[in-house]
Amino acid sequence: MKHIVARQRPVTVLPADLEPSGAELDAIETEMPVVLAEVELLDALIALLDRPASEFDAQRVRRARNRVLTARRELANHTIGITVSGDVA
């Protein structure tokens, strides 16, 4: 059995610590409501791929879109509050 190995050194040396920083984790936590709302919208749209839309399905998609817009608006307002005042609003 032959072993396949790299004959050259890697071009990019990976850092020893690949964990996200505290700031990155805070950013992910801040954006999580938008991510969850978009997942909910995607679930509603996927459900419509193999069947015609009923009134219930249309209402589900409408509500999911409204949640996405609300989450994005709240994130944008939160981000503006941080950049204007320099601290968390």
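Quick caveat: nothing in here was measured; it's all calculated off a predicted structure.
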| Who are the salt bridge (charged side-chain N to carboxylate O under 4.0 Å, His left out) partners of Glu31, not counting sequence neighbours? |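 Partners of Glu31 by the salt bridge (charged side-chain N to carboxylate O under 4.0 Å, His left out) criterion come out as none, since no residue qualifies.
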Review item, side-chain donor-acceptor pairs of residues 52-60, under 3.5 Å, at least two apart:
from: Ser54; atom 1: OG; to: Phe56; atom 2: N; distance (Å): 3.4
from: Ser54; atom 1: OG; to: Asp57; atom 2: N; distance (Å): 3.2
from: Ser54; atom 1: OG; to: Asp57; atom 2: OD2; distance (Å): 3.2
from: Asp57; atom 1: OD1; to: Arg51; atom 2: NH2; distance (Å): 3.1
from: Asp57; atom 1: OD2; to: Arg51; atom 2: NE; distance (Å): 3.4
from: Asp57; atom 1: OD2; to: Ser54; atom 2: N; distance (Å): 3.3

| said: Could you measure the distance from the CZ atom of Arg65 to the CG atom of Leu45? Nearest 0.5 Å is fine. | reply: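 Going from CZ on Arg65 over to CG on Leu45, the span is 6.0 Å.
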| request: Under the side chain to side chain donor-acceptor pair (under 3.5 Å) rule, collect the residues that match up with Glu38, sequence neighbours excluded. | output: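 Expected list: Arg72.
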| Shortest non-hydrogen contact from Val68 to Ala37? |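 Shortest heavy-atom separation between Val68 and Ala37 comes out as CG2-O, 3.3 Å.
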| Taking every non-hydrogen atom, the tightest pair across Leu41 and Val61 |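 Where Leu41 meets Val61 most closely, the heavy atoms are CD1-O, 4.0 Å.
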| field | Contact check, side chains of Thr70 and Glu74, non-hydrogen atoms, under 4.5 Å | value |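 Answer yes - side chains close enough.
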| said: Val39 and side chain to side chain contact (heavy atoms under 4.5 Å, CB included): which single residue from Asp43, Leu42, Leu36 fits? | reply: Asp43
